[in-house]
Amino acid sequence: MAIAAIEILDLEKSYLVGFWRKRPKLALRPLRLTIEEGEVFGFLGPNGAGKTTTLKLLMGLVFPTAGTARILGMDMDDPRVKAQIGFLPEQPYFYDHLTARELLNYYGQLSGIPSKERSARVEQMLARVGLSDSAGIQLRKFSKGMLQRVGLAQAILHDPKLVFLDEPMSGLDPMGRREVRDLIQQLRQEGKTVFFSTHILSDAESLCDRVAVIHQGELRGVGKVAELTSGTQGKVEIVFYANAQQVPTALTALGAESRFGGGNMVNSVLPEAQQDAALDVLRREHMKLISLTPVRRSLEEYYIQQLRPAENEEIRNQESHKQENQKNELREEASRKGVGV
Amino acid sequence: MNSNVTGARIGYIAFNTFREAVRDRVLYNLIAFALLLSGAAILVGEISIDIERLVVVNLGLTAVSLFGVVIAIFIGIGLVSKEIDKRTLYTVLSRPVRRWEFVVGKFFGLTGTLVVNTFFMALGVFLALVYVAHKFEPMDVWVLAALYFIVLQFFIVCALALFFSSFSTPLMSAIFTFALFVIGNLSEDLRGFARVTSGLGGAVATAIAYMVPNFSALNVISQVAHGDPVPGRLILYNTAYALLYSAMAISGAVLIFQRRNLK
């Protein structure tokens, strides 16, 4: 049986807050999640959802209040785990007195890469993230995008089996984001497991095999991207060239919502049940069909759906509190007047 | 993880700490020190008769000690807290590095910086000594012993700064460490007071006298300035004392840091 890359077993974290540090604040509710080897797994959630807390728990940077996790079949506290994982923190900051080459060499030393291999490996990583020309410059002179690349290089320097990336695309320009996406794709091809947190859904949709949605420290949903986005909305989208700047009335009569693109190109969305009838209309009117595609649910829709229950629940809670308060006020007023409610 | 690998990792962290201090221009204080000492030597040469050596040794070694203590406190309090604030620690601790290795590595990095610093400042003292006395005398060898004791003081100060910074803010850590340095320099007086006091007050004074670092015993500047020898037994005792005290403070820092959540 294949070993799961990450097995999170009811990992929970709360912090003590307040002046006397006696009030517990839950940062992560008991989380149970399994990530298989070779998967690219996206951990989605809005800011403050608990993504970074989960990553810090797995990295041993903070300690769980309860629960545990197994990484590559070993207990998360096992020192051997660290040799096989790579980590890129959110908005990484490195020793700015070092050059990119010195920093990678230092991390190579700490990771136990033998000295004979180390310098070749460092140069290889610098080339891989496109920093060979800037390798001798101190990091204090690096831009945010360049620091992110250094961060990626240090995370994969020691050829780890499992890579954790915390918001790897955050703050990057479109070119930088594309480079990071390409790198994650390469890691997938090399058979690495990638666990990355993000709130940029388009990146998750294009990269991940599976995603989990977390909100307010609670896991809201998990599933394969292909399955989550496969459900059609019961609608199809037809793109065609009209003969003039006018949508055939027969098509509108089928319930199509149409809009013109460039020139005479029309984009119509209509119920799936009417698709054959719509094609007949196009044939009859001698209009050129460009494409017909089912309207799929996007990851964004799934994500918002997962977050909504919480918002609805909050509204419900607030409403019930309000009602309870009103009832109490009525009771008090009634008791003052000596009338039962 | 075997001990060779552990030792190597501590060495890498120590070297990186040393390199950071050098590149942050910490050793620039040497220039200020050199200027101060040359100026003082010329001045002393002008105004003192027969006591030039005494004044230069006193002035030089006191300056070495104060410069070093200030560096030890101000770098020591930020050794770990700066790495947490800047989050540079995250990428270090996500590697096969244990927390205690990190703390010990940082300690050795800073003490290494201070040893190099002291070496160059000591050269300055000896040059000033040659300038005013025109020659070396056999008793000047005891200046080396005094310098060695100053380095031992740095070990304790670094360890204390690291200990306080493991649970309090940098400002409070600096205040605590400096306060202990001052009290530690008065520890002989404190012990004398404890001896003549009885009852609860005496017990408290005795406890405090033995708890604070005994920097008085590590201060032989006045003695060597007068050309008095430093007994071998004192060198041995002071070495053992400084190493033990530093080890205890570092162990305390490690114990606290091991349990700390890096938020």
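By convention in this document, chain letters (A, B, ...) are assigned in the order of the sequence lines, proteins followed by strands, and residues within each chain are numbered from 1.
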Is atom [atom1] of [X] surrounded by more than 12 heavy atoms (other residues, nucleotides or ligands) closer than 6.0 Å?
| X | atom1 | result |
| --- | --- | --- |
| B:F74 | CZ | no |
| B:F126 | CZ | yes |
| B:F108 | CZ | no |
| A:M74 | CE | yes |
| A:R140 | CZ | yes |

In terms of heavy-atom proximity below 4.5 Å to chain A, should B:R99 be classed as side chain, backbone, both, or neither? side chain
Report yes or no: does B:R19 contribute a side-chain atom to a donor-acceptor pair with the main-chain N or O of A:L98 at less than 3.5 Å?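 No; zero donor-acceptor contacts below 3.5 Å.
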Any donor-acceptor N/O pair, A:K82 side chain to B:V97 backbone, under 3.5 Å: no
Please look at A:Q138 and chain B and tell me whether the side chain, the backbone, both or neither of the residue comes under 4.5 angstrom of a heavy atom of that chain. side chain
Answer with side chain, backbone, both or neither: which region of A:L88 has an atom nearer than 4.5 Å to a non-hydrogen atom of chain B?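 Neither part.
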Distance-minimising heavy-atom pair for [X] and [Y]:
| X | Y | result |
| --- | --- | --- |
| A:S111 | B:P96 | CA-CD, 4.0 Å |
| B:R87 | A:E90 | NH1-O, 2.8 Å |
| A:Y95 | B:E83 | OH-OE1, 2.6 Å |
| B:T91 | A:Y107 | OG1-OH, 2.6 Å |
| B:S94 | A:M59 | CB-SD, 3.9 Å |
| B:R98 | A:P79 | NH2-CG, 3.7 Å |

Donor-acceptor pair between A:K56 and B:Y90 side chains, under 3.5 angstrom: yes
Please report the interatomic distance [atom1]([X]) to [atom2]([Y]), rounded to the nearest 0.5 Å.
| X | Y | atom1 | atom2 | answer |
| --- | --- | --- | --- | --- |
| A:F63 | B:N261 | CZ | CG | 6.5 Å |
| B:N16 | A:Q109 | CG | CD | 8.5 Å |
| A:D96 | B:T88 | CG | OG1 | 9.0 Å |
| A:E102 | B:R23 | CD | CZ | 4.0 Å |

Of the listed residues (A:F87, A:F164, A:Y106, A:F94), which shares the most heavy-atom pairs with chain B below a 4.5 Å separation?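 Of the options given, most contacts go to A:Y106.
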